[in-house]
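Worksheet: the structure to be examined is printed underneath.
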Amino acid sequence: MGTPRLPEKRWSIDLEKKIQAEHYADESAYQRRYGFKPDSGKPIFVIDTPPPYPSGTWHIGAVAQYSMIDVLARSQRLLGHEVYFPWGVDRNGINIEFTVEKDTKRKMKTYDREEFLNLCRTTIETFTQAMRKTAARVGLSCDFAAEYLTDAPDYRSVTQSIFIELFKKGDIVEDLRPNIYDPVEGTTIADAEVERIQRTTKLVDVRWLTDDGDELIISTTRPELICACGVVVVHPEDERYQHLVGKQAILPIPVDGRKQSVEIQTHPSVKSEFGSGILMVCSFGDQNDVAVFRELGLTPFQAIDLNGCMTSISGPLEGMSVRDARVKAIEILESENNIASIEERQQEVPVSERGKNPVEIILLKEWYVRQTHIQDTMLKLIEEIEFHPPRNKQFLLDWMDNISIDWPISRRRWYHTEIPIWYSEDEEYIIVPPAGTYVQPWKDAPPEGSRILKRDTREDIGAYVDHHEMMGNIRGEEKVFDTWMDSSNSNLFVSGYLKQPEVFKKAFPTALRPQGKEIVRTWLYYTLLKSCLLLEKPGFKHVWIDGLGMDPWGRKMSKSLGNGIDADSVLECGAGGRTGSWKIRGPDGSVSLKANKIGSECFRLWKACEAQVGDDFHINPEEIESKYFGVLTKIFNVARFASQFDCPTSEPQTPYPIEDRWIQSEFSEMMTEVETAWKNLDIYTATQSLKTFGTGILPSHWLEMAKSRLYDGDAHAAWTIHQILRKFLAAFSPICPFFCHHISMTLYDESSVDVHAFPSLPPLDATLNAKTSDIESFNSEVWKTKKEKGLSLNAEIEGIEIPPTLEEFRKTLTRMHKLL
RNA sequence: GGGUCUGUGGUCUAGGGGUUUAUGACGUCGCCCUUACAAGGCGAAGAUCGAGGGUUCAAUUCCCUCCGGACCCA
């Protein structure tokens, strides 16, 4: 016994930062601790972490999710796995292009391509730096030395190689199909990138005539597309219009280079109650038009060009933007008295997720990943994956249910992975680079080892060097890939695909995919699709889908609501004595929140305790502090108390007193739960168990019983407290690594983060565990009685009977409560 | 408009067809500086488990409708 070896009176943010700084300072020590060593002989556990997209600030909800991924990584290390916890940064995509465009007030396509790419690279690097800092501050134990960037040649080469592989297999095809197109940004986009916004539009009732003079009214919000009309349809059971079927309807606006009339047919997709019940089907107003065109075998018209302007078939509208053309079309119709009525109405229009521009459907020759044919196989493979929580699997199944068209993967943007293809002068052949090389066909010639393939049959013709004369003037592809084409390789990339075949064999299917539920239909779906097409395997063993971080009122955090909370402000709250304060716009006006101390350990503990995986969680700094900082204080003080008693150098002779055997048995039971929970990726249960034990039974009941023996230098008591504490810290360290590291280093000269086998446990005795509730209620009763009698807790008291079930505990209880 | 999930004391949360008192935490109130801990401890009050129907001997738990929230889709 002596002075506590933990000198600080309590855990503090400054202490936390000091420990953290030491932890990260020595790079080789860090690497020894957290680097991925595939040859260690331990079972490999690869985590396919979501590479964050650097956009300036890292959303606190995402940081919270990420800290839980770290908990999973650390708990798997504790269970003896060789964990690869990669640190990747997703840097491809339209976001950074927008940022540069906004910063420089200049559109991408006015730049030289190389110059623009350099601007993007520099800008995204500054964002990336800030994110690395936050990652370290929240305690991530990623393999930072092996950082991967999705815009780096090594990553992009994998994307390109996979593209070529799938192309050769026939799973990627080139085709002229209707595509969703953002005319403002000048690129195709995927279904998954479309969102809908409410807008007021004019619903115009247009008067049409048939070839024999019948009048019909067609309601439309897109009169400018009359020139692209391929057919007029009515419902097959709509009795009002059956006499029109088979007649020709004359387009009420002049067109150029096409027939001025279309046939009237029936189609079941017509909603008879909408407008007049007669529908004009244009190429392409919406997805339904696409479906009808395909079904009726009609030849589509190209009404809108790549710049979003009307083409020559539109006659008087030619060259106008879609918006102007609409106004002009109404003018023309009005002047001919062909408008029956105009009504303003609310309508949902499809816009691009990134640019919020109304999208058009345009026929384009693009690259597609075939996906509709493989859904059944995918479903079967998904059966093998364990979902956490199981119910979130439904998000994926729902989305798969909706897959009806192939995935267009080419984009007309720049800061993305290039499509690795050159075309022969006659467009009959293509050149592809060898696997593992990154190419930029828009500026480079095909590298050594490139092959020539027949464009339509994919037949290998031979090496480019041997046959280049037959190719004529080759043209490099200028288009790039959808960013999901890159992201959906992440599990393959981190598991060693192409680069480390030996590792890949052991590491795939990737052990764990942790992610948020909002990107199930994109990231998760596309990744599973790739694994299925390429390897016919499920991509993962476990998929862990977390909920979203919400504001304190359960609303999504967003700029427009003004309810965001900056992650760094929470992590730094309390550092250097500075308090944190947040002004957040709530539903009833602004609310000020204040906290004195949070930091990474408390933040992580909060997220681990507060919500089960999959549940959305409210982020309120005040609550984080008040509910969870006290837990750290309590456990810290238990350790501080223990630290004044020396641990015996070897285990004392049995028998232990009954109360020691009891707490050991309790500890054993609790730790078994924790071990199971860690194995099940169940952070919540593990944390709750540890917290309840560490702040409840252990200090309130056992420590009070054992206290006087500890002061007397009793070896059994000292051995028990130190065994429990040391093992407790090991099991708790995935949640609060620096906290546990500090205590265990100080007391035991061994860091709990370096424990790589779940601790062995003392004997479990069910009959002793059964006494726990009796002990708790007896203690509670004594405390209550003393209180009622106005006695202090250390005062002597008489007249209290020890219940017969606790007869074995008579001695210790008498001493603990000073019973007379 | 459709699908999926969700609604438990003031707040957050556990549980889940029936163990006479529905977890735990924060907050609230009261007491306590008792040789680890007042940035603590102990104790107390506080919920008919969103509303209304149904199934059942029995529902907070299952089903339906409605209301509110979230995510996704059209």
Side-chain angles (χ1 to χ4, degrees), chain A residues 1 3-6 8-13 191-192 194-196 271 286-288 348 350 389-399 401-404 516-522 525 545 547-556 574 587 595-597 602 605-606 609-612 614-620 622-645 684-685 687-689 691-692 695-696 698-700 703-704 707-708 710-711 721 725 779-796 816-818:
Chain A
M1 183 182 162
T3 48
R5 276 189 286 152
L6 280 171
E8 302 86 3
K9 256 198 127 178
R10 59 184 68 87
W11 184 249
S12 70
I13 310 307
D191 227 13
V194 177
E195 65 174 43
R196 275 152 196 278
K271 288 185 202 125
D286 57 32
Q287 291 291 357
N288 186 53
E348 283 192 334
R391 65 176 141 85
N392 277 2
K393 182 181 183 176
Q394 200 57 41
F395 292 125
L396 178 66
L397 299 180
D398 286 350
W399 173 245
D401 242 12
N402 285 319
I403 300 286
S404 60
K517 64 182 177 189
E518 75 283 9
I519 48 175
V520 167
R521 66 187 174 135
T522 48
Y525 171 74
I545 302 175
L548 271 33
M550 306 294 212
D551 79 359
W553 300 272
R555 304 170 309 171
K556 197 173 174 172
N596 295 316
K597 56 206 180 301
C602 183
L605 178 62
W606 157 76
C609 269
E610 188 75 359
Q612 302 238 38
D615 290 345
D616 294 342
F617 48 97
H618 300 181
I619 303 174
N620 182 341
E622 272 183 8
E623 234 169 60
I624 297 177
E625 179 188 25
S626 64
K627 290 174 78 161
Y628 297 102
F629 206 89
V631 175
L632 294 179
T633 307
K634 187 71 184 172
I635 295 172
F636 190 87
N637 272 303
V638 170
R640 184 165 182 269
F641 175 66
S643 77
Q644 62 188 307
F645 308 105
Y684 182 86
T685 305
T687 313
Q688 289 288 341
S689 305
K691 181 182 137 206
T692 308
T695 60
L698 180 71
S700 299
L703 223 48
E704 292 300 329
K707 205 188 243 174
S708 44
L710 284 165
Y711 284 123
I721 181 71
L725 181 59
N779 288 340
S780 194
E781 197 193 315
V782 177
W783 287 325
K784 199 172 160 182
T785 312
K786 284 191 175 177
K787 192 176 145 63
E788 277 163 4
K789 295 194 172 176
L791 297 168
S792 76
L793 290 183
N794 67 341
E796 297 180 335
M816 168 180 172
H817 293 296
K818 300 195 170 141

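Naming convention: chains lettered A, B, ... in sequence-line order (proteins, then strands); numbering from 1 in each chain.
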* Toward the 5' end of RNA chain B, by each residue's nearest nucleotide, A/L793 or A/K9 -> A/L793
* Structure fact -> Between NZ of A/K691 and P of B/rA14 the distance, given in whole Å, is 12 Å
* To do: Choose from B/rG43, B/rA39, B/rU11 the nucleotide whose nearest atom is closest to any side-chain atom of A/K784.
  => B/rG43
* **Counterpart base for B/rA58, defined by Watson-Crick or G-U wobble contacts under 3.5 Å** => none
* Side chain of A/E610 (C-beta onward), nearest among B/rC12, B/rC42, B/rG27 -> B/rC12
* Asked: Between A/M816 (CE) and B/rC42 (P), how many Å, whole number?
  -> 10 Å
* Relative to the 5' end of RNA chain B, which residue comes earlier, A/W11 or A/E704, by the nucleotide with the nearest heavy atom? -> A/E704
* To do: Would you mind reading off the distance between A/E788 atom CD and B/rA45 atom C1', rounded to a whole angstrom?
  => 15 Å
* Asked: B/rA14, B/rC12, B/rC37: which one has an atom nearest the side-chain heavy atoms of A/K634?
  -> B/rC37
* Separation of atom CG in A/D398 from atom C1' in B/rG3, rounded to whole Å -> 6 Å
* Asked: Now, which nucleotide makes the Watson-Crick or G-U wobble pair with B/rC66, with each of the two distances under 3.5 Å?
  -> B/rG50
* Does the side chain of A/S700 get closer than 4.0 angstrom to OP1 or OP2 of B/rG41 through an N or O atom? -> no
* Are A/S626 and B/rA25 close enough that a side-chain N or O sits under 4.0 Å from OP1 or OP2? -> no
* Expressed in angstrom and rounded to an integer, what is the separation of A/N392 atom CG from B/rC5 atom C1'? -> 8 Å
* To do: State which of B/rG43, B/rA39, B/rC71 makes the closest approach to the side chain of A/K517.
  => B/rC71
* To do: Give a yes/no answer on whether the side chain of A/Q612 brings an N or O atom under 4.0 Å of OP1 or OP2 in B/rG15.
  => yes
* State plainly whether the residues A/E704 and A/K707 are in salt-bridge range, i.e. N to O under 4.0 Å. => yes
* Side chain A/K786 and base B/rC42 donor-acceptor under 3.5 Å -> no
* B/rC37, B/rA70, B/rC71: which one has an atom nearest the side-chain heavy atoms of A/F395? -> B/rC71
* Does NZ or CZ of A/K517 come closer than 6.0 Å to the centre of the six-membered ring of A/F395, within 45° of the ring's axis? -> no
* Asked: Minimum heavy-atom separation for A/P699 to A/L703, with atom names?
  -> O-CB, 3.2 Å
* Structure fact -> From NZ of A/K707 across to P of B/rU35 the rounded distance in Å is 8 Å
* Side chain of A/Y684 - closest among B/rC37, B/rU4, B/rA14 -> B/rA14
* **Gap separating the OG1 atom of A/T685 from the CD atom of A/Q612, nearest 0.5 angstrom** => 6.0 Å
* Asked: When the distance from CD of A/E622 to P of B/rC12 is rounded to whole Å, what number comes out?
  -> 14 Å
* To do: Might you point out which heavy atoms bring A/Y684 and A/C609 nearest each other, and give the distance in Å?
  => CE1-O, 2.9 Å
* To do: Figure out the CG/P separation between A/D616 and B/rC72, and round it to whole Å.
  => 10 Å
